[in-house]
Amino acid sequence: MRQFDSKSCIFLLSFLGIVAGANAQVPADTAGANALPATEVRTQINPIDQVGPAPIVLKPADWEGSGLGLADLLATQAGMHTRRMGGMGSFQAVSIRGVAANKVVVCIDGIPLAENHGAAFNLGSVDLNQLERVEVFKGTVPAAFGGNGLGGAINLVTRKKVGQAGKVQASYGSHNTGEASLTLGSNLTDSLRWNSSVSWRFSDNDYKYYDRNGTPYNHEDDTTRTQSNARFNQFSGSHGWSLIRKSGELRLNLGHSQESGGIPGTESQHTHVAGFDQQFVASRLTWLNRPWGTGLRLEAELGARLGKDLFHWSNGIDGLGYSVGDPNYQEIGSRSLKADGALRLFGEWNEPYGFESHLSGFAEQLDPRDHPATLNSWQWRLQRHSLTSATEASWAPQSWMALRMHYQATAQIDHNSGGVLRTTFPDTMEAEADSRMAQALQGSLRWGKPTFPFHVSVSGGHHYRIPELREQYSTGMGIVANPDLKPESGEKVELAGEYEVKKTRLQIALFWNQSRNGIYYVNSAGLSKPMNLTRNDNLGCELDFHSQPLLWLDVSAQATLQNPRNQSPLGAYLGKLTPNEPQLSTGSEFTLRLGPKWDVGLRAEWRSEVFRDPANQMRIAPQEGIHSTVSFKPWKQGVLRFSATNLTGVEYQDVYSAYPTPGRQYFIHLTQTF
Amino acid sequence: MKKKLLLPLGIASSLLLSGCLFDSDSTDNKVSTLTQNSVVAVFTSDYTSGAMRWLDSNQLADDSLQFNQDSRIHAGGQYIYVLERFGADNLVRVDAAKLGIGDAAVEYQKSLGAGANPEDVAIVSSSLGWLALSGRGYLLKFNPATGLAMDSIDISAYSQDSTPSPQAVALALYGDTLCVVLQRLTSWSPNHPGLLLLLDANKGSIMDTIALLGHNPGEIVLEDGKLYVANSGDLMNSELDDTRSLDVVDLKTGSVKVLSTSVALGGGPSGLTLDQKNQVLYTSVYKGWGETTVAKVSLTDGKVITAKLPGVSNGFGGVAFDNKTQILYVGEQDQTLAGVKSWDGDSLRVVSSPKVLPPTGFAIANW
């Protein structure tokens, strides 16, 4: 739950207009009273950076002890929606202002995450215990994150605890669900710092659900079942070292995650042994140079990620579909290796002007993970080399006006090694290379002095999404390759007003976006082929309100009113609501502070009907959700929380696309900082 | 204090309550508008959602019944049997005479078990029917009046790989003989010719087998003691070879011959329907992904009378000939031109509203 107080007010003001996330910088020698110690290279943001609508920033206080996962937490914000498909660890993603989740750029510490077959990144696999904060950019996307994003960007900032401090967290709740995490940090020497965070999440996900047996016209065979084959286990960690030198700072970060679990299937197509196993290790070396003279500063990064994704099932036992090879065991997966680098140049002169230039690139290779038991030994290797240049230029001629422009260009070369790549047609493919270039442009303008309670901003831009390797070349059975897929593209515009006085803040935003050449899988003769076919647009309004009318009472409310429509030439979809997008969604939250030790919070949310499919045949009725939390501070720096989520215990599902989800859940959560 | 509370609480509460304006639940009183004792039902799907629709006064009705996105429909007298395949695996019976009055038209919906994958149905009598299940190693005997299973006949001995299922895909009744077409795939690849089983339609005992010539048999037509089989071959390539053909089986003599080759047709036949009066077959010919034409073939000598019906771009959505009205219906699946088209022998007409999902199959019920 969000807490609003005077300190938050200052924090929010300081983050207003952030376009470079954690990388927003000022030269240390011009920093004001809020500057960090001189040994720190990074200091607080320059007023030039207060351009454009404020990003959403969520911190541990917003999620600790709430029982919410990352996607559920993001969906409490105006303009963002999610769909649950199970319990802890199940696939979950968020849309932003009606733009599908696979067009939202997800970054970790500013680095866009690896591709996922063209599908959205699974936020269900993100452990909130590893995060220091979550930043959401619904409008303009900072150049530091690539400067491009049809659906905006979400930046997950990992914990980098500095100094002699640490935190222990533990929680346990319904369905044998638990989490434990430990964060430590230390100044090893005057110039060497270390921080580490490890976390463990687990759940049996054995909740009860109403099973209609896949027969919506027959209620005689309906029953209540206990979910099975849905256990989840994840161990993850991030570790960092920071070495401060005279000339700058050198940072080394290591991240790793191992998660596995069952894939229970749908309400009517339940599995028994299907599951997944995913692992990755990632490293990043960053050099942050001290500013040269007046204004210029350089950063350089090198990173590498090695990952393995594996899905397994048994057609004989799970009866999932058409098997190739051994019916008792099926497996499909890939190994990915990605290396990336970036050079970033920042400049700010005489305050009215500023610029950032980011040059980044990556090389990625995908190979199949062969299993000797399967006959599905497709031979393929896909490679992509990419270079991106993103530049921001800012100008604040007056204290009450600031302008920012972003330009981004990406050049890519894909290489297909040839062989039996097209897993649908056995014809041998020749080795080939393909290259493309794409560009994005954004601009934003802001009026209002920093000290004035009222600000207005307008922003707009053109964005794109290049199809991922596995969308173009097909590594899935029954999917036809289409190497000629074009990038999806679109535009978005936002007009936002903010009013903030004392302990009340109101933000209203009008937005419009459209996307073209959306990739859609066309079915014919049992085979699917991705094609650039769909068009969508959305016109909407968001409201975000926070207030502390009394010392012991915080109130917040969010609402989104939108009209997300499909404008595709596909007749069955034309004019229909975009799947999973409600026209109206609202949320209200109240927090009562009952003395210095007790807090009670209640959140209620509601959304209008949605449809699961583009033809709007699978209707999901309007739905409400009520969640509550009670916090108690038994001793210094310790917090004990009791939370209950989904108090009404219902989740409406269309029978033919129903993924059972947990109903009412209870958790107890302990946080101890030291 | 009251003033401080009023505004924020008011805003928060009103936002929640405003949701009532967007609750669009409503109920309609529906009345069937069918005016004749026959109906052409169309299954439509984009393989995300599916619905059965029907022609009403030769136009596609606005109403529909929602089913699993991958379903096949077959008619048996007054009833339409909806076979919901992988992902639902259900047997549904719909009273065609009640179409248009909502869910009440659905008489029953029975689960066949996960993975059953029903493909075809044959109705022997009001209390006896057979189901072909390509996900099982048996034929299912059931009571059409109730949808309940009565018995099963083991056909796993005819499987070509380690799975128990020989992929029973089509059924036809020839007097008291049940004809069962088996695809006999190897790891879902059509590496072998299909097989025809002949069973006693009442007892279920296997009487004979006849080896087919083509691979991957699909739709069949029975006429005057002869069974016509469309063998589409491997859909993963579009070579014009011997695995794709239109075969004819003489059920009296047991002989099999090729009626029309893939070379003559220009591709592999998939959908099949019969014009009884003119003794011609219409078949949808698969040429490659996104391209399926409709050909007209003579029943007597297999000569291709019309290689490509004009105005059909991707007719993989099925073909059905209404012998009552002498109209051929074609399921057009071209992504921007999708819909039902009708051919009266002279001209092609677009029947369906452009706002429905692409057709995937037809069933014509008469009572």
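What's counted below: heavy atoms across the whole structure, side chains too, no hydrogens, waters or symmetry copies. As the structure is a computational prediction, the values presented were derived from the model and not from experiment. Below, chain A is the first sequence line, B the second, and so on; all start at residue 1.
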Between A/Thr215 and B/Ser111, what is the shortest heavy-atom contact and its length?
-> CG2-N, 4.1 Å
Check whether any side-chain heavy atom of B/Leu357 lies under 4.5 Å from a side-chain heavy atom of A/Tyr573, and answer yes or no.
-> yes
Okay, B/Leu185 and chain A: the region with an atom under 4.5 Å from a heavy atom over there is neither
Any side-chain heavy atom of A/Tyr520 within less than 4.5 Å of one from B/Asp46?
-> yes
Okay, B/Gln69 and chain A: the region with an atom under 4.5 Å from a heavy atom over there is neither
Residues A/Gln617 and B/Arg53: closest non-hydrogen pair is OE1-NH2, 3.9 Å
Go through the atoms of A/Leu570 and report whether side chain, backbone, both or neither lie under 4.5 Å from a heavy atom of chain B.
-> both
Using non-hydrogen atoms and a 4.5 Å limit, figure out which bit of B/Phe316 sits close to chain A: side chain, backbone, both or neither.
-> side chain
Is there a donor-acceptor contact under 3.5 Å from the side chain of B/Asn90 to the main chain of A/Gly214?
-> yes
May I ask you to check whether over 12 heavy atoms, not counting those of B/Lys355, lie within 6.0 Å of atom NZ?
-> no
What's the shortest heavy-atom distance between B/Trp289 and A/Lys529, and which atoms?
-> CZ2-CB, 3.4 Å
Determine whether the side chains of B/Gln66 and A/Asp654 contain a donor N or O and an acceptor N or O closer than 3.5 Å.
-> yes
Kindly check if the number of other-residue, nucleotide or ligand heavy atoms within 6.0 Å of CG (B/Asp62) is above 12?
-> no
For B/Thr243, check side-chain hydrogen bond (donor to acceptor under 3.5 Å, both in side chains) against everything at least two apart and list the hits.
-> B/Asp241
Check: B/Lys110 main-chain N/O paired with A/Asn218 side-chain donor or acceptor under 3.5 Å = no
Chain B contact via A/Pro216 - which portion, at a heavy-atom distance below 4.5 Å = both
Give the minimum heavy-atom separation between A/Gln269 and B/Phe86, together with the two atoms involved.
-> OE1-C, 4.4 Å
In terms of heavy-atom proximity below 4.5 Å to chain A, should B/Asn314 be classed as side chain, backbone, both, or neither?
-> side chain
From A/Tyr656 atom OH to B/Phe67 atom CZ, the distance as rounded to the nearest 0.5 Å | 6.0 Å
So what's closer than 4.5 Å to chain A heavy atoms on B/Ala51: side chain, backbone, both or neither?
-> both
Sort B/Val106 into side chain, backbone, both or neither according to what part of it lies under 4.5 angstrom from a heavy atom of chain A.
-> side chain
